[in-house]
Every structure is written in structure tokens, then in C-alpha cells.
Amino acid sequence: MARVNENFLKLKSGYLFPEIGRRVTAYAAAHPGERILRLGIGDVVRALPPTVIRAFHEGVEDLARDESFKGYGPEQGYAFLREAAARADFAARGARVEADEIFVSDGSKCDCANIQEIFSLDSVLAVSDPVYPVYVDSNVMAGRTGPADESGRYAGLVYLRCTEASGFRPPLPDHHVDFVWLCSPNNPTGSVLRRADLEAWVSWARREKAVLLFDAAYESYIREEGVPHSIYEIPGAREVAIEFRSYSKTAGFTGARCAYLVIPKDLKGCDAAGKEVSLHSLWNRRHSTKFNGASYPVQKAAAAIYTPEGRHEVRAIADFYMENASLIRAGLQKRGFTVYGGDNAPYIWLKTPKGLGSWEFFDELLNRAQVVGTPGAGFGAAGEGWFRLSSFAQRTTVIEALERIGRVF
Ligand SMILES: *Cc1c(COP(=O)(O)O)cnc(C)c1O
């Protein structure tokens, strides 16, 4: 028999969403006819806006005629999309990113999971706790960790505990690590890193010659003036940071699939002899060997987000979700809950009442209010006693969920 990659056998999670599914299915089977309201998932519910759909159709029509047909495109993405992104997402904010430093893909989850391939297996990674599980599991699969302990923490990974006292911002590591995942606005806590926080991270990374992996999947939900949308708004970040962007949450592309990452040419790693190596060239080699480009119509659709009408329509959808977030925040606060997030992020992070564990509160909410959320403990040990609600829902769902919660708690 073929031997398997035993690193996969160390994996503990893949447990969170299946377990939620199992409990919801069991409840629904025992209570037929009851309507369950879902504020648990990180998936959008509103349709793609008209300008995006029009461009998507045009892309498909181009494929229907020999004259405009497109076969394989550039692995790194079409220039029309890379240039639009460089201008609107960076230049317009005073950040320098060249179009050829942008690598378009079919999603940020893949980018987040794949990026670790360009770092040596013995390099040390730090992650926040709680954390988006992809950052951790991809490194476990690659063999960069030992086994997990009872709390689910893997040997060899450095965990940066995010607490209520520090506003759920990860502390700087107290010893050297080689690369660090940062996610701002944060999934799951809804917290955001402000300019001073990012400056501290960039200067730490420059001092330690470490690399920051900055996941900005939720940047379009930032509402506060002065909060950077890109790490490259911080001077010196081009030498220490890789940034991940996705059209999934910003523009409703979770089903359409399009994202990109940025690796500045100033960013360097080194080989065993200490000689500098360009991470941009390594990633370019990796990307063009293992990836053949995001589909042409999807890239056409993504580029339409940067037109004036596209921007306006996409912004209106994000505003809609942020109104949901405000309603959830205010509704829960009125009922005495302690809540965070929801002001610069579509997630609300609440403290479970009466000292309940995350899963105990999940069961109470499901059984007594028929509302589904996500237990904080599923995102890491530090999430125990916390709970995530998502504002990606129709307004009627949000209002009814709040009414039900109000009757029970
Ligand atoms: C949703 C999400 C992404 C984006 O995933 P896609 O594969 O682009 O849909 C990236 N990072 C975080 C933290 C997310 O929640």
C-alpha cells in the first residue's frame, strides 16, 4: 500500500463546521417545522451587482467568438485587472504596489494555504489565537509542526494570544519567529489593527528580518477614517510584508472565485548560506508551475468592481452588511451582552453569558432561539467563552434572530 503523508493525521480541526452541521441537523430532525436562523457562516448572501454581472456576461460572450476568444491567459492574471487593482487598491491610498507585484488567483484560501511553500520547513511561524484555521492547517499538512496537545495547539507553532484586555490584537512575539500571520479586519474577532499597531509590526519585522503575511480579505468593511486598508500604507512594509486580498467578501465573489496576493520585489528571504533570495521570483515560479490562471470572465467581472458604477454598487452591499452588524451589536448590547467587532468588520464577537462555554452557548442558542452562530473555541483555545455572529444575512433574518435572542436571554 502507498504510504500517506502522515502530517495530515496530526490535523485536529476540520472539526468546527462539520460539528456545527451535525448539531443543527440533529436539532432539525428532532424539531420538524421549526425555522432555524443562520448567523454562523462566513459566506455572503447578496447577489453580485449589475455592473459586475454585465462584465461577467461580456467575458463569456468573448469566449463565444473566435475573434475575441481567450485560451490560457497569463498565470499571474490579466494586465487589465492587475493594473486596476494597483491603482485603486494601493496608489489611491498612497501605497506603492506595481501591477507586476500582483498575482491573481481563484481565491484567497488557496493563496493563504500555498504561500508557506516558499519558506523552509524549519522556519518558525506565529499565528494569532483565535485564528482563521487555514493558516494553521496548511502548515501542519506541510510538516512544519509537531502533534497537537489536548487544547488543539500544535508543537512548534507560536501562538499569540488575543485577549479582551488587548482589544483582541495579537501581541508582538517575545522571541524571534520567521513569519507571522496577521488578519485585519479580523475573522473571527472583528477587531482591526490601527496605524500604530501596523507600524509596530512593520518595525518589529524589519528588526527581526521576519515576514508578515497580512490578510486583508475584509478591508472594504473598514469604516473608521485613518485605519489603513493595506499594510503598504505603512512606510517600510514593502521590505517585510506579503498582502492577501480577496473579492469574496468585498464584492460577493465567494461563488465566482477571484483574489490576489501582493509580493513586493523589495521583499527578500535567504538561502542556507545566508544569500538573499527574492520571494517575488520564488512565488512567480511556484504560481506559474502549479496554477494556470483564474478564468477570463471572472477576471473581467472583478475588473468591473473598479469602475465608478461598480465601486458604488459594491460599496452599497458592504454598507448593507455593516448595517446588519450595527443592528446585531446594538441589539445584543441592549440585552446586556458584552460585544466586540461589527464596526470595522462584518463579524460580532460576543462574550458568552453566565460563564457558559462556547459550545454550551451554541447549544442554548440553537435549542432555545433556533439561532446558529459559531463557537469561538473552534478558532483556538483563546476563543473559549466567546462566540462569533456573522452579519452576512438578509435583514429579516437579523431582525428575527435578535427578537428571538431577546426573548431567551
Ligand atoms: C473568507 C476569507 C478569505 C477569502 O477566501 P476566498 O478563498 O478568497 O473565498 C481569506 N481570509 C479570511 C480570513 C477569510 O475569512
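We count ligands from 1, going down the list as the structure has it; atoms in each ligand are counted the same way. Numbering starts at 1 and runs along the sequence shown.
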In sequence, state the C-alpha distance, the side-chain angles, and the governing distance for R144 and Q116, and then conclude on side chain to side chain donor-acceptor pair (under 3.5 Å). CA-CA 9 Å; R144 198 167 277 111; Q116 49 78 27; 3.1 Å; yes

Among protein heavy atoms, which sits nearest to atom 15 (O) of ligand 1, and what does the distance come to when rounded to 0.1 Å? Y218 OH, 2.6 Å

Do the two ring centres, one from F103 and one from F291, sit under 6.0 Å apart? no

Tell me the protein heavy atom at minimum distance from atom 9 (O) of ligand 1, and give that distance in Å. S248 OG, 2.6 Å

Against heavy atoms of G107, which atoms of ligand 1 measure under 4.0 Å? 7 (O), 8 (O)

Please state which protein non-hydrogen atom is closest to atom 7 (O) of ligand 1 and give its distance, to 0.1 Å? R257 NH2, 2.7 Å

Show your working on side chain to side chain donor-acceptor pair (under 3.5 Å) between Y296 and D62 and close with a plain yes or no. CA-CA 9 Å; Y296 169 73; D62 286 346; 2.5 Å; yes

If I apply the N/O under 3.5 Å rule, does Y135 come out as touching ligand 1? no

Taking distance alone, with N or O pairs closer than 3.5 Å, would you say T254 contacts ligand 1? no

Which of the numbered atoms in ligand 1 are under 4.0 angstrom from any heavy atom belonging to D215? 10 (C), 11 (N), 12 (C), 13 (C)

Quick one: look up the protein heavy atom nearest atom 5 (O) of ligand 1 and list residue, atom name and how far away it is. K109 N, 3.7 Å

Minimum side-chain heavy-atom gap V180-W204 below 4.5 Å: yes

Test log, rule ring pair (Phe, Tyr, Trp, His ring centres under 6.0 Å), inputs F80 and Y306: CA-CA 11 Å; F80 63 76; Y306 296 109; over 10 Å; no

Return yes when atom NZ of K265 has more than 12 non-hydrogen atoms of other residues, nucleotides or ligands closer than 6.0 Å, and no otherwise. yes

Region of S108 engaging ligand 1 - heavy atom pairs below 4.0 Å: both

